[in-house]
Amino acid sequence: MSHPFRRVSATQLTLPHALDCPVTLFATPDVPVQRAAAQELTTFLDRLTHLPTLQGRTPPARLHRVALTPDFHKGAGIPVGTVLHTEGVLFPEAIGNDVACGMGLHTTTLTRDDLEPHLDALEDTLRRVFFQGQRRLSTTGKQREAVLRSGIGALVDSPLHPGQSGLWSRVRDSLPADARQRLHAGGQLPVLSVPAHLDWLREPHHLTHDAQLGSVGGGNHFVELQYVHRLLDRGTAHHWHLKAGQVVVMVHSGSLGFGHLAAQQARTAAQAALPEDPVWAALPVRDGGPAHQPVMDALNAAANFAAVNRLCLAAMAAQALSEHLPGTGTSLLYDAPHNFIWPDPAGGWLHRKGATPARGFAGMQGTPFAFTGEPVIVPGSMGGSSFLLAGRGLPEALSSASHGAGRLRSRGEAMRGHDDEFHAFLRDFRVVTPLDWRRARPDIQAQKLRELKQEAPFAYKGIGPVIRTLAESGMAAPVAELRPLITVKG
DNA sequence: ATGTGC
């Protein structure tokens, strides 16, 4: 036996453990489950069983269900692709390092043929807009506070400062009338008290650029111009105004330095709340007691920040497009985080670490997606296809789906590839990076090259089997395959 | 994942 899971159907396996709650792995056929990941999860679940403070509480703290997505693999702490539904307890550790990291997708009025003659020039423009000191996204302290408190509300309601450049207003103007319904949780999670001690708020007033907003971030984050390679569900594609050959903008980014600090605070607060369990910091949620509120304020502020940043990144890509193709329109299709904790509508708390929300028709009532299911954006590896699916709200999967292909080789292994081959890949696949930014220090450049190599396509599994498993298990239905034209890697 | 650089 290569792993401790027991197969219960074509795609579903159960993990034996001491807890009285179902644990379901949606396994990808022919792809072996990483034993190390299964072991980490078992350790985590055993730990919950033995956490003495979880027992005898009123209301009781317990785990209702665990779902593991088809790209389930080893990660820091519990594995990537883990979804937990808890009651009376939060696990800030169980959502990944990058709080509210997620995906956004915007349609454009362009076709691949429109864009093709401009690709060389666009590479230079994107390099300038994203890296060469021309981000030109300025913020005031009041705007930054509004972003944290209100997320997308800051874009809609907050006034512009005289002297601020056009990008901030471009972000606002690019939002469709129903924008709030096109962001998970309305793009605005509740923050009772803005965590004022987080660095981003205290940064000096810049009139030229913000230190964080407008940054892509590192690792697997990117902004990509793609085209619709093929439609897999014409009806849903029509609903979503997607056509074959159409150019779209995909954004994968998180909460940057702000969220990093917010996550640290959340962990520290959780450890202080339950010092008996300093490793898997558990945070009790007491009825009528606000013990968890500062933690959720910090996490929610990070989610608001991340959603706004993804909108900013898309607007920067749109700006670059319109420099070459004036009059180009872009429109937000959907945006959702894949590392987060939300209160579940049915009670308790839903934790997703590297798993994307995939609610079905019932869960999307009152939104533009009531008849299609929630858009599920699954990015491929660098140079490869990404997929757009429609959520089906599978209860066993806790209305979740995979968030990517899943890593195949360790970061260390990926870094051992040849530099020359990697540079050739970046050139052939039109990957724009900060590597050739002349003003950057050589040691920083060398480090950046090592980081980028960790994201080389051969480091990731093929996305095809993951998408097939999502479809066959009933987690999400494929709508379109998207292929890259130009990629901006942070 | 974060920061670096401006």
Side-chain angles (χ1 to χ4, degrees), chain A residues 71 73-82 92-103 127-139 165 167 198-200 202-223 251-268 298-299 301-303 305-306 309-310 313 316 337-340 352-355 379 382 403-404 406-407 410-412 414-415 432-455 459-460 488-490:
Chain A
D71 60 339
H73 64 280
K74 188 171 157 44
I78 66 168
V80 179
T82 300
E93 294 268 13
I95 61 168
N97 285 324
D98 187 6
V99 179
C101 177
M103 302 298 304
R127 188 173 292 113
R128 175 165 51 76
V129 168
F130 280 90
F131 298 124
Q132 292 175 348
Q134 296 203 11
R135 286 208 319 252
R136 296 197 185 285
L137 183 67
S138 63
T139 53
S165 73
L167 189 57
L198 291 169
D199 284 353
W200 186 56
R202 291 201 312 252
E203 273 165 19
H205 182 120
H206 291 279
L207 278 180
T208 55
H209 75 279
D210 186 279
Q212 295 192 34
L213 223 47
S215 295
V216 180
N220 53 8
H221 293 173
F222 64 79
V223 176
V251 179
H252 181 186
S253 189
S255 50
L256 305 172
F258 177 84
H260 189 60
L261 216 53
Q264 279 176 5
Q265 289 188 356
R267 274 198 291 273
T268 305
L299 298 182
F305 173 92
N309 193 44
R310 284 191 291 271
L313 294 168
M316 289 160 71
H338 49 225
N339 286 352
F340 207 62
R352 291 191 178 97
K353 176 175 177 177
M382 241 198 294
H403 86 312
R407 190 170 274 284
S410 71
R411 292 176 178 276
M415 280 190 294
V432 174
T433 74
L435 280 179
D436 46 4
W437 185 13
R438 288 190 304 274
R439 282 189 250 188
R441 279 163 31 196
D443 56 324
I444 292 170
Q445 296 285 31
Q447 170 64 16
K448 178 52 73 180
L449 176 61
R450 283 193 292 273
E451 283 172 20
L452 284 166
K453 283 169 74 178
Q454 296 172 14
E455 306 303 320
Y460 285 86
V488 179
K489 290 289 295 182

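Chain naming here is simple, since letters A, B, ... match the order of the sequence lines and numbering starts at 1 in each. The structure displayed is predicted, hence computed values, not measured ones.
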Report task. Look at all strands and tell whether A:Leu256 reaches a base, only sugar-phosphate, or nothing, counting heavy atoms closer than 4.0 Å. Result -> sugar-phosphate
Query raised in the report: A:Gln445 has an atom CD; how far is it from atom P of B:dG3, in whole Å?
Result: 17 Å
Query raised in the report: Between A:Thr433 and A:Arg127, what is the shortest heavy-atom contact and its length?
Result: O-NE, 4.3 Å
Query raised in the report: Is A:Glu451 touching bases, backbone alone, or none of the nucleic acid, heavy atoms closer than 4.0 Å?
Result: base
Report summary line: A:Lys448 and A:Gly218 have their tightest heavy-atom pair at NZ-CA, 4.5 Å
Requested in this report: Using atom CD of A:Gln212 as one end and atom P of B:dG5 as the other, report the distance to the nearest whole Å.
Outcome: 14 Å
Report task. Would you kindly give the NE2-to-P distance between A:His260 and B:dT4, to the nearest whole Å? Result -> 12 Å
Query raised in the report: Contact class for A:Gly257 (heavy atom, under 4.0 Å): base, sugar-phosphate, or nothing?
Result: sugar-phosphate
Query raised in the report: What residues form a salt bridge (Lys or Arg N to Asp or Glu O under 4.0 Å) with A:Arg411, not counting sequence neighbours?
Result: A:Glu455
Query - ring-ring contact (aromatic ring centres under 6.0 Å, His included) involving A:His221 - partner list, sequence neighbours excluded - result: A:His252
Report task. Whole angstrom is fine here: how far is it from CG in A:Asn97 over to P in B:dT2? Result -> 10 Å
Query - Atom-to-atom span, CZ of A:Arg127 to P of B:dC6 - whole angstrom - result: 19 Å
**Report entry** Rounded interatomic separation in angstrom, taking NE2 from A:His252 and P from B:dT2
**Finding:** 10 Å
Requested in this report: Determine the contact category for A:Gly259: base if any of its heavy atoms lies under 4.0 Å from a base atom, sugar-phosphate if only primed atoms, P, OP1 or OP2 are that close, otherwise nothing.
Outcome: nothing
Query raised in the report: Tell me: CD1 of A:Ile95 to P of B:dT2, nearest whole Å?
Result: 15 Å
Requested in this report: Measure from NZ on A:Lys448 to P on B:dG5 and round the result to the nearest Å.
Outcome: 13 Å
